Amino acid sequence: MMMFRTILMWLMLVGLAVPGAIGRASEIPPVGSALGRVRSAGSAEPSLPQKAVEVGRASGFSVTNSMVGTWIVAVGLIIFAQVATRHMKERPEGLQNFWEWMVESLHDFLEGVIGRNLVKRSFWFFASVFIFILFANWAGLIPGVGTIGWGHQTAAGFQIEKPLFRGVNADLNMTLAMALVFFLCWIIWSVQEIGPLGFLKELFAPKGETTGLLKVLMVVVFFAVGCLDIISILFRPVSLSFRLYGNTFAGENMLEAMGRMLPGFGWLLPIPFYFMELLVGFVQALVFMLLTAVFTMLMCQKEEGHELARQ
């Protein structure tokens with residue numbers, strides 16, 4: 001149920017964020033446009049636009065190809081979680097064994113990074129974002145993502161202009177939405193852990209014991225450092241979103257470029273790079289989760305240390 005509620009939350013947030021957060025979605029092509037199956041290996045233009053394109057409308061609401069990918073991945077995870085936990089057994093086996101192994105491994109790993117008390121409060125987010133990003137990255141490698149859609153016939157073959165499916169994290173709107181959700185959660189967790197006054201003290205208060213003129217100097221210095229920290233904190237959603245988007249978008253374009261290098265054998269050359277992208281998809285999910293966890297720990301580490309000392 002935790003995973004079910006969490007993925008539903010992502011769907012609502014992504015549904016609000018994707019259509020208009022970064023730029024405006026392109027218009028859907030005319031009805032007479034063809035539906036392409038595979039992009040020609042000799043085409044010179046990339047088939048993956050830098051932003052998601054509109055593939056339909058529902059009650060006046062724009063539906064983009066990245067939203068379609070997001071819903072497919074989210075629904076798939078919900079179904080998998082429900083099937084794996086439908087008949088819980090004391091000695092897990094099959095899908096339940098895999099699901100419990102994955103969740104427990106993530107819990108133990110995060111507990112070693114951010115501590116027992118903080119992981120109780122924030123594990124639902126870190127585990128969900130890791131699982132979602134991982135499977136979204138891997139789903140973007142399925143043949144047909146980015147190569148099925150609307151286009152037109154050219155001398156070099158059929159050219160896809162508006163793909164029906166798009167890698168979820170190859171859309172900056174999606175990665176920015178996740179980063180902004182974390183930023184909001186980070187503020188809430190920090191205030192809950194150390195309180196509003198402790199939050200401000202952690203940013204601006206001088207560290208260490210000083211007296212006299214040195215204490216006045218330290219107050220000025222740490223206030224200036226706190227102002228710089230505020231700027232750094234405000235840029236965290238930008239860095240988190242662009243890092244994930246850039247690596248995913250670059251990987252998909254690399255696979256497409258490899259497929260165009262050997263006309264007639266465009267299916268063969270990208271195969272080794274698919275295995276590399278599987279690893280990159282895992283690493284990017286791990287990096288996003290670790291960075292958000294460390295950012296949370298750095299703000300709450302003082303209170304966390306007191307909690308561990310009491311235990």
Side-chain angles (χ1 to χ4, degrees), residues 1-10 13 73-74 76-139 168-169 175 178-179 181-194 202 236 239-240 243-244 247-248 275 277-311:
M1 292 302 294
M2 178 191 72
M3 181 61 65
F4 179 78
R5 292 193 299 268
T6 303
I7 296 298
L8 284 183
M9 181 194 72
W10 283 114
L13 291 169
V73 173
L77 286 174
I78 292 172
I79 294 175
F80 182 83
Q82 292 296 308
V83 171
T85 58
R86 179 174 298 173
H87 303 291
M88 299 290 289
K89 299 180 180 179
E90 186 175 350
R91 297 183 61 182
E93 58 184 24
L95 293 180
Q96 179 189 345
N97 189 35
F98 171 76
W99 191 256
E100 289 189 6
W101 167 80
M102 182 170 57
V103 173
E104 288 178 4
S105 298
L106 284 172
H107 185 276
D108 294 341
F109 176 73
L110 285 168
E111 184 175 335
V113 174
I114 62 178
R116 183 181 304 175
N117 183 60
L118 193 56
V119 81
K120 291 179 181 178
R121 190 185 302 278
S122 57
F123 175 73
W124 65 270
F125 174 85
F126 297 132
S128 297
V129 78
F130 172 81
I131 294 172
F132 179 80
I133 292 176
L134 176 63
F135 285 95
N137 287 342
W138 286 352
V168 174
N169 295 314
T175 59
M178 289 190 293
V181 171
F182 162 70
F183 185 70
L184 177 62
C185 291
W186 176 83
I187 295 176
I188 295 174
W189 294 331
S190 300
V191 172
Q192 289 177 339
E193 285 291 317
I194 59 180
E202 190 68 24
R236 284 177 183 175
S239 63
L240 286 170
R243 180 183 292 105
L244 179 57
N247 282 279
T248 306
F275 292 99
E277 284 302 307
L278 287 173
L279 177 60
V280 170
F282 171 79
V283 170
Q284 289 305 313
L286 185 63
V287 166
F288 194 97
M289 180 190 71
L290 277 178
L291 285 177
T292 54
V294 170
F295 289 154
T296 304
M297 180 195 66
L298 290 177
M299 177 56 70
C300 305
Q301 59 184 349
K302 187 174 182 180
E303 186 72 11
E304 180 71 10
H306 288 168
E307 181 67 21
L308 291 176
R310 288 196 296 267
Q311 295 176 0

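If you're wondering where the values come from, they're calculated on a predicted model, not measured in any experiment.
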Which heavy atom in [X] sits nearest to a heavy atom in [Y], and how many Å separate them?
X	Y	result
Trp186	Phe295	NE1-O, 3.1 Å
Glu100	Pro92	OE1-CG, 3.5 Å
Ala84	Gln96	O-CB, 3.3 Å
Leu118	Met297	CD2-CA, 4.0 Å
Thr248	Asn137	OG1-OD1, 3.7 Å
Ala285	Leu134	CB-N, 3.7 Å

Side chains of [X] and [Y] in contact at under 4.5 Å (non-hydrogen atoms):
X	Y	result
Thr85	Met88	yes
Leu240	Phe182	yes
Phe288	Phe132	no

With side-chain contact (heavy atoms from CB on, under 4.5 Å) as the test, would you mind laying out the steps for Glu193 and Thr296 before giving the verdict? CA-CA 10 Å; Glu193 285 291 317; Thr296 304; over 6 Å; no
With rounding to the nearest 0.5 Å, note down the distance linking [atom1] in [X] to [atom2] in [Y].
X	Y	atom1	atom2	result
Ser190	Leu298	OG	CG	10.0 Å
Thr292	Ile114	OG1	CD1	8.5 Å
Thr175	Arg243	OG1	CZ	11.0 Å
Ser239	Leu244	OG	CG	11.5 Å

Sequence-distant partners of [X], side chain to side chain donor-acceptor pair (under 3.5 Å), two or more places apart:
X	result
Arg236	none
Glu93	Lys89
Glu277	none

For Glu111, which residues count as a salt bridge (Lys or Arg N to Asp or Glu O under 4.0 Å) partner, sequence neighbours excluded?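 Testing Glu111 for salt bridge (Lys or Arg N to Asp or Glu O under 4.0 Å), a comparison that skips the adjacent residues, returns Arg116.
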Quick one: list whatever passes side chain to side chain contact (heavy atoms under 4.5 Å, CB included) with Leu286, sequence neighbours left out.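 With sequence neighbours excluded, Leu286 shows a side chain to side chain contact (heavy atoms under 4.5 Å, CB included) to Phe109, Phe130, Phe282, Met289, Leu290, given in chain and number order.
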List the steps and the verdict of side-chain contact (heavy atoms from CB on, under 4.5 Å) for Leu106 and Ile131. CA-CA 10 Å; Leu106 284 172; Ile131 294 172; 4.1 Å; yes
Mind checking ring pair (Phe, Tyr, Trp, His ring centres under 6.0 Å) for Phe126 and listing every partner two or more places apart, or none if nothing turns up?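 Scan of Phe126 (ring pair (Phe, Tyr, Trp, His ring centres under 6.0 Å), adjacent residues dropped) gives Trp189.
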Can you classify the ring geometry of Phe135 versus Trp138 as parallel (below 30°), tilted (30 to 60°) or perpendicular (above 60°)?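 Aromatic pair Phe135/Trp138 classed perpendicular.
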Kindly indicate, with the supporting measurements, whether the criterion side-chain contact (heavy atoms from CB on, under 4.5 Å) is fulfilled by Asn169 and Met178. CA-CA 10 Å; Asn169 295 314; Met178 289 190 293; 3.5 Å; yes
